[in-house]
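Notes follow once the structure below has been shown.
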Amino acid sequence: MKYQRVRGMQDLLPEDQPYWAHVEKACHDLAGRYGFERLEAPVLESTDLFVRGVGDATDIVSKEMYSFVDKGEDALTLRPEFTAGVMRAYIENGMGSRPQPQKLYSFGPIFRRERPAKGRYRQFYQFNAEVIGTPDALADLEIMQIAHGLYSRLGFTNLVFQLNSTGDPECKPRFIQALRDYFTPLMDRLAPLDRERLAKNPLRVLDTKERETLPLLADAPRFVDYLNAACAEHFAELRAYLDDAGIRYEINHRLVRGLDYYTKTVFELWGEGLGAQGALCGGGRYDGLIEALGGAPTPGVGFATGIERIIMSMRELGVQPAPLPRPDVFIAHLGPAAKRVAVQLAAQLRAEGTGVRVAFGARSLKAQMKDADRAGCALALLIGDDEVRDGTVTARDLAHSEQATLARADAAGWIRAHLP
RNA sequence: GUGCCUAUAGCUCAAUAGGCGGAGCGCCUGACUGUGGCUCAGGAGGUUGUGGGUUCAAGCCCCACUAGGCACCCCA
């Protein structure tokens, strides 16, 4: 085959669309219900925005970005996540002067140049929601609520968030130091990979999968014990809200997230049928991000969920989306004169709002009826020499195998009466 | 980016020990000259992912590349 999909990209075929339409609609509906407004930033941003916003030590920035230099001038990158671009838009459009907080959501493609696997694509879609401009733990709750609401609406049960707090610039360094102090004497019992992590990014040792390291984690310092008063209070407040809302969560002391900008709240939720890529959604608070990007000090909290992973999980769990609307009426014709009448009748019915499919070519009536059936049309109109001569149409109800010949002007009324 | 596995018709898969590539579904046509679903019959559709190599002979063995899957890394 000469041309094939670019690695890690996928075609969304007609049979996939009911799932997409269903999930997308749920996202828009829910966002609206919570008072989120849509903001769509461009797919392309300056490379530097992500380097600063996401962090140059992160995997996303250090090895997963689609970056290029445009005509030898601008260093550009296909967005590897939503938040940095949304924050840029918030700052650039002066949205800090609008009523705070701003509740914004986005839906669109994200690009990461990773090795593809089940549930992992190089172009994938995310639904993203952010509450910008308030430190209130209620904002954290709403972000988790909208995620929870989305999944339960889509048919997921047994939803349990993994929750942790990663402190702020004041207490986070103290915790990292405590981790170093704990693991350094145990260095020779750590897996080689974790020795590297301890040096480069000690938090990462916490979510290791290395067998040798796992037993050492039991007595490792826990972030919750190192939170300062403000962070501890925020965390307690959020937990109280979650309890009141009946949203289930587990405190996961090993949950640390990959992006540099997280402060205080971090959470994830896991799905079924995703292979090793279990995360259905992830999010957290990022109180220092906007300032780091050149805006006024502004707190924020948000989450993102992967649409492909939702759909994969839905399929795994046997959740069926509603079928997409299809044309109700099929028009079959026999002979050139009849075909011209059919085209006119189709135009007229479509103008009135009826979905109509007209047979192409000049095939046998049998073949045309077969097409009508396979297209899922409930009703068929037949026009042949007799109907052209008499100004009539033969109308057939495919589901009930009943038909009648009527004046062409009565076709619309007959259709209305026979639609399922 | 690393390791392992895989690649045959549009789809799901067969092909004994290297020896003329098949089936089911789907598609087209007919049985039924103006009537769908069910049934029956016939037909189209392949450079066996791509490029090399070994051999009298390669879908099958060897190498590279491409793509997918699984596990890492990490994440949605």
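In the text below, chain A, chain B and the rest are named by the order of the sequence lines, each starting its count at 1.
For the P atoms, the distance linking B/C4 with B/C62 amounts to 14 Å, nearest Å. A gap of 27 Å separates the P atoms of B/A71 and B/A15, to the nearest Å.
The phosphate of B/C73 (OP1 or OP2) has a side-chain N or O of A/Lys209 nearer than 4.0 angstrom. The side chain of A/Arg115 contributes no N or O atom lying less than 4.0 Å from OP1 or OP2 of B/C72. Residue A/Lys366 has no polar side-chain atom (N or O) positioned under 4.0 Å from OP1 or OP2 of B/U35. Phosphate contact (OP1/OP2 of B/C74, side-chain N/O of A/Arg120, threshold under 4.0 Å): absent. For the pair A/Arg363 and B/C27, the criterion of a side-chain N or O lying under 4.0 Å from OP1 or OP2 is not met. An OP1 or OP2 oxygen of B/C75 is reached within less than 4.0 angstrom by no side-chain nitrogen or oxygen of A/Arg309. Phosphate contact (OP1/OP2 of B/C65, side-chain N/O of A/Arg7, threshold under 4.0 Å): absent. Taking side-chain N and O atoms only, A/Arg113 has a distance below 4.0 Å to OP1 or OP2 of B/G1.
In this pair, A/Phe107 and A/His28 present their aromatic rings tilted. The plane angle is within the 30 to 60° band.
Looking at A/Trp270, A/Phe267, A/Phe303 one by one, the single match for ring-ring contact (aromatic ring centres under 6.0 Å, His included) with A/Phe161 turns out to be A/Phe267. Partner of A/Ser165 under the side chain to side chain contact (heavy atoms under 4.5 Å, CB included) criterion, chosen from A/Leu255, A/Thr265, A/Leu227: A/Leu227.
Scanning atom types as modelled, no donor and acceptor separated by under 3.5 angstrom connect the side chain of A/Ser364 and the base of B/G30.
Within the shown strands, nothing qualifies as a pairing partner of B/A17 under the Watson-Crick or G-U definition with both distances less than 3.5 Å. Nucleotide B/U2 is matched to B/A71 when pairs are restricted to Watson-Crick or G-U wobble geometry with both distances under 3.5 angstrom. In this structure, B/A76 forms no base pair with any nucleotide, since neither Watson-Crick nor G-U wobble geometry is met with both distances under 3.5 Å. Across all strands shown, B/G46 forms no Watson-Crick or G-U wobble pair with both key distances under 3.5 Å.
As judged by a 4.0 angstrom heavy-atom cut-off over every strand, A/Lys370 is placed among residues touching the sugar-phosphate backbone only. Nucleic acid contact for A/Arg257: sugar-phosphate only, since backbone atoms but no base atoms lie under 4.0 Å from a heavy atom of the residue. Note on A/Glu387: a base of the nucleic acid sits closer than 4.0 angstrom, heavy atoms only. Residue contacts for A/Glu114: at a heavy-atom cut-off of 4.0 Å it reaches a base atom on one of the strands shown. Heavy atoms of A/Gly335 sit nowhere under 4.0 angstrom from any nucleic acid atom. In this structure, A/Leu193 reaches the sugar-phosphate backbone alone: every heavy-atom distance under 4.0 Å involves primed, P, OP1 or OP2 atoms, never a base. At the heavy-atom level, A/Thr58 lies nowhere under 4.0 Å from the strands shown. Using a 4.0 Å heavy-atom cutoff across all strands shown, A/Gln403 reaches at least one base atom of the nucleic acid. Heavy atoms of A/Arg5 sit nowhere under 4.0 angstrom from any nucleic acid atom. A/Tyr125 comes within 4.0 angstrom of nothing in the nucleic acid, heavy atoms only.
Nearest to the side-chain atoms of A/Ala117 among the listed nucleotides B/U35, B/U29, B/C70 stands B/C70. The side chain of A/Lys118 approaches B/G69 more closely than any other nucleotide in the set B/G69, B/A67, B/U35. Comparing B/A67, B/A76, B/G34 against the side chain of A/Gln126 picks out B/A76 as the nearest. The nucleotide whose nearest atom lies closest to any side-chain atom of A/Arg112 is, among B/U35, B/C75, B/G34, B/C75. For A/Leu334, whose side chain is taken as the heavy atoms from C-beta onward, the closest listed nucleotide among B/G34, B/A76, B/C74 is B/G34. Checking B/U66, B/C75, B/C73 against the side-chain heavy atoms of A/Arg197 singles out B/C73 as nearest.
Under a 4.0 Å N-O distance rule, the pair A/Arg285/A/Asp140 qualifies as a salt bridge. Using a cutoff of 4.0 Å between basic side-chain nitrogens and carboxylate oxygens, A/Lys103 and A/Glu142 are scored as salt-bridged.
Checked against the 6.0 Å centroid criterion, the rings of A/Phe36 and A/Tyr105 do not qualify as a close aromatic pair.
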